[in-house]
**Student:** 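Got a structure for you, written out below as structure tokens; questions coming shortly.
Being a predicted model, the structure only gives us computed values, none of them experimental. Values reported hereafter were calculated over all heavy atoms of this structure, with side chains retained and with hydrogens, waters and symmetry mates removed.
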Amino acid sequence: MTSFPIDLGAYQRISLDASNPTLTDEQRSALAANIQLCRDAIVFFTATGAARGVGGHTGGPYDTVPEVMILDALFRGASDKYVPTFFDEAGHRVATQYLMSVLNGDMPAEQLMRYREAHQKLPGHPELGLTPGVKFSSGRLGHMWPYVNGVALANPGKAVFCLGSDGAQQEGDDAEAARLAVANHINVKLLIDDNDVTIAGHPSQYMGGYSVKKTLEGHGLTVLEGDGEDIDSLYANICQAINTPGPVAIVNKRPMAVGIEGVEGSTHGHDVVSVKAAITYLEAKGHTAAVDVLNSISPAKNAYEFLGSSKNVGANRNMFGDAMVEVLGGLDEATRKASVLVVDSDLEGSCGLAQIRKAYPEIFVSGGIQERGNLSAAAGFGMEKGKQGVFATFAAFLEMCISEITMARLNYSNLLCHFSHSGIDDMADNTCHFGLNNFFADNGLDDGYETRLYFPADPNQMKACVKKVFGDSGLRFIFSTRSKVPMILDPDGNEMFGGNYTFTPGKDEVIREGSAGYIVTFGDSVYRALDAVERLKQEGIDVGLINKATLNVVDEETMAKVGKAPFVLVTEAFNRKTGLGSRFGSWLLERGYTPKFAYLGTHEEGCGGLWEQYPHQGIDSAGIMAKVKELVG
């Protein structure tokens, strides 16, 4: 393996004492050197993720290096006074945890150059027990502070730190955590990077009136505010926080990715730095060996050729937005404004909502990072007959909105939700960002207000689905993946859902007939299962394939068809415990059908990387074929 091209051995292991809030010249010089060294390293190894095509995040961990360097020195100076863990509620700042693991000797520096690569145990969010040296799993944004309150209560007499952000502070969990911390005098210290940048924009622009400082003061916290790039001021504030009993927040103002040309202050800083920007930065710092490494990396490509689907691919999550724009364009301006409200949760570019904002900004609300409240706002708009609320976010966050979904149902809301990044495909962020439990949205009673779950197989079907169900009443959930998918082809090689195809809610579709048994699937599993079916047919095993694009409605005609077959295999990327497979067997038995039955689904924590997640779970074409052969004996 190539040696890590930046000398992390130059890191100066200084000690600091919070009883003295003033840095000596020597301490200040050492801290400045450490900050520069670690920022250079973060730019470099996160850029390897960009070079490999697995993405990542640079700006957040880069920003917070000064406070982390100070904490590391404080932990070294008096470890008995602190819980020496860099708890961080912005999980995408995982590069901080990996770098500190290397500096602490838990893994070799060279491992950093495998950032977010499959099977390298460096996923896009820290996972306890997976990566050497990582001391916590951060989960999703804004979930750590409430957890850290408990850690502090378990360690009386010690200060516990939690790195936060202005984005994470938008989540409702943090408001609850603040009140608990104040009421119970919990000795937790918040270090909040307030850089006025989130994924889709700038809080100062889309959330007028929002102030991290005033919000936390309103909860009763002591709040210190300063320039995060002023080492002396930052250190003095950290010392004051430590020496002040109870919860204290330090709000550190700085531009996002300060000092990175072309990235500083922009939303691009939230994501991984581009290879071009990283090279410009590293060359200016004299890191020519690091530049050489970046230039030598090329993205890994999945060379597997799938049978039964097109070579061209498209993003269903973007097609959702394109189809919505087309549907909305069919309404006159007055009707559109009066009857539709679209609420984004800082993910407009990832969920297809950006197209709607650009086309019809008058019906669009940038709701910030507060999924529960945003879903409820959209549902409330859709309470009246003839009105439609539209909401979108990542499928992993559906679990956070179950109570709000129930409230929407109890109030007979007309709500169309798009949950992108469903399943596991292309999810280098790994387990905490898997969208596995989407069936939780169907949590009503049998006599409750209608709920429909849809997972189209390709962009053609997505477009048809959106057009068909947009005007329906009740709760509708449309799912899509992060990954692009090919077009499903019929036996004659034509696009199955193209041309004059019309989507029929509740109707399963026969993609291929088969006499040996049937595979039932949906979404991005369809083209993989279709490949397996085509290859099995070539081997003389005549397997059929059913696309169940409406997930939670039993199509009696299809059930009778597959129920009389020799076997039924459900394959999916959803959680094996809670997905389609967990209920399909019961549906068969309730109707008196007893074919051989099996189901495949996600059942292990992720492996990082992109398409590699599918074979890791055994739900790729090879895994499907193996299970079919087992069923047919």
**Student:** Within the side chain of E89, is there an N or O that forms a donor-acceptor pair under 3.5 Å with the backbone of Q169?
**Tutor:** no

**Student:** If you measure from the Lys or Arg side-chain nitrogens to the Asp or Glu carboxylate oxygens, is any gap between K507 and E509 under 4.0 Å?
**Tutor:** no

**Student:** Any carboxylate oxygen within less than 4.0 angstrom of a Lys/Arg side-chain nitrogen, looking at D429 and R116?
**Tutor:** yes

**Student:** Ion pair present between R140 and E399, side-chain N to carboxylate O less than 4.0 angstrom?
**Tutor:** yes

**Student:** Would you call E450-R476 a salt bridge at under 4.0 Å N-O?
**Tutor:** no

**Student:** Under 3.5 Å, is there a donor on one side chain and an acceptor on the other for T481 and D425?
**Tutor:** no

**Student:** H421 and H433: aromatic ring centres closer than 6.0 Å?
**Tutor:** no

**Student:** Does D524 come within less than 4.0 Å of R482, counting only side-chain N to carboxylate O?
**Tutor:** no

**Student:** Ignoring hydrogens and geometry, is there a side-chain-to-backbone donor-acceptor pair from N552 to T451 under 3.5 Å?
**Tutor:** yes

**Student:** Donor-acceptor check, side chain of E572 to backbone of L580, threshold 3.5 angstrom: yes or no?
**Tutor:** yes

**Student:** Could you tell me if Y304 and D531 have a donor-acceptor pair between their side chains, going purely by distance under 3.5 Å?
**Tutor:** yes

**Student:** Answer yes or no: is there a donor N or O on one side and an acceptor on the other, between the side chain of N575 and the main chain of K577, under 3.5 Å?
**Tutor:** yes

**Student:** Among F477, F503, F320, whose ring-ring contact (aromatic ring centres under 6.0 Å, His included) with Y454 holds?
**Tutor:** F503

**Student:** From the options F584, Y599, F522, select the one residue that forms a ring-ring contact (aromatic ring centres under 6.0 Å, His included) with F574.
**Tutor:** F522

**Student:** Does the ring of Y614 carry R528 above it, NZ/CZ under 6.0 angstrom from centre and within 45° of its axis?
**Tutor:** yes

**Student:** Keeping S413 on the side-chain end and A379 on the backbone end, is there a donor-acceptor pair under 3.5 Å?
**Tutor:** yes

**Student:** If we ignore hydrogens and angles and just use 3.5 Å, is the side chain of S420 paired with the main-chain N or O of F394 as donor and acceptor?
**Tutor:** no

**Student:** Between R372 and E404, is there a donor-acceptor pair closer than 3.5 Å when you use the side chain of the first and the backbone of the second?
**Tutor:** no

**Student:** Does atom NZ (K548) have a neighbourhood of more than 12 heavy atoms from anything else shown, all under 6.0 Å?
**Tutor:** yes

**Student:** Take N414 and Y449 through the side-chain hydrogen bond (donor to acceptor under 3.5 Å, both in side chains) test and state the conclusion after the steps.
**Tutor:** CA-CA 10 Å; N414 300 312; Y449 200 48; 3.2 Å; yes

**Student:** Quick check: does any side chain N or O of D196 sit under 3.5 Å from a backbone N or O of S204, one acting as donor and the other as acceptor?
**Tutor:** yes

**Student:** Which distance, rounded to the nearest 0.5 Å, do you find between the CD of Q170 and the CE of M207?
**Tutor:** 4.0 Å

**Student:** Treating H143 as the side-chain partner and L141 as the backbone partner, does any N or O pair qualify as donor plus acceptor under 3.5 Å?
**Tutor:** yes

**Student:** Does T46 form a side-chain hydrogen bond (donor to acceptor under 3.5 Å, both in side chains) with H57? I'd like the steps, not just the answer.
**Tutor:** CA-CA 7 Å; T46 58; H57 298 272; over 6 Å; no

**Student:** Crowded around Y412 OH? As in, over 12 foreign heavy atoms under 6.0 Å?
**Tutor:** no

**Student:** When you measure from the side chain of T550 to the backbone of G506, do you find a donor-acceptor pair of N or O atoms at a distance under 3.5 Å?
**Tutor:** yes

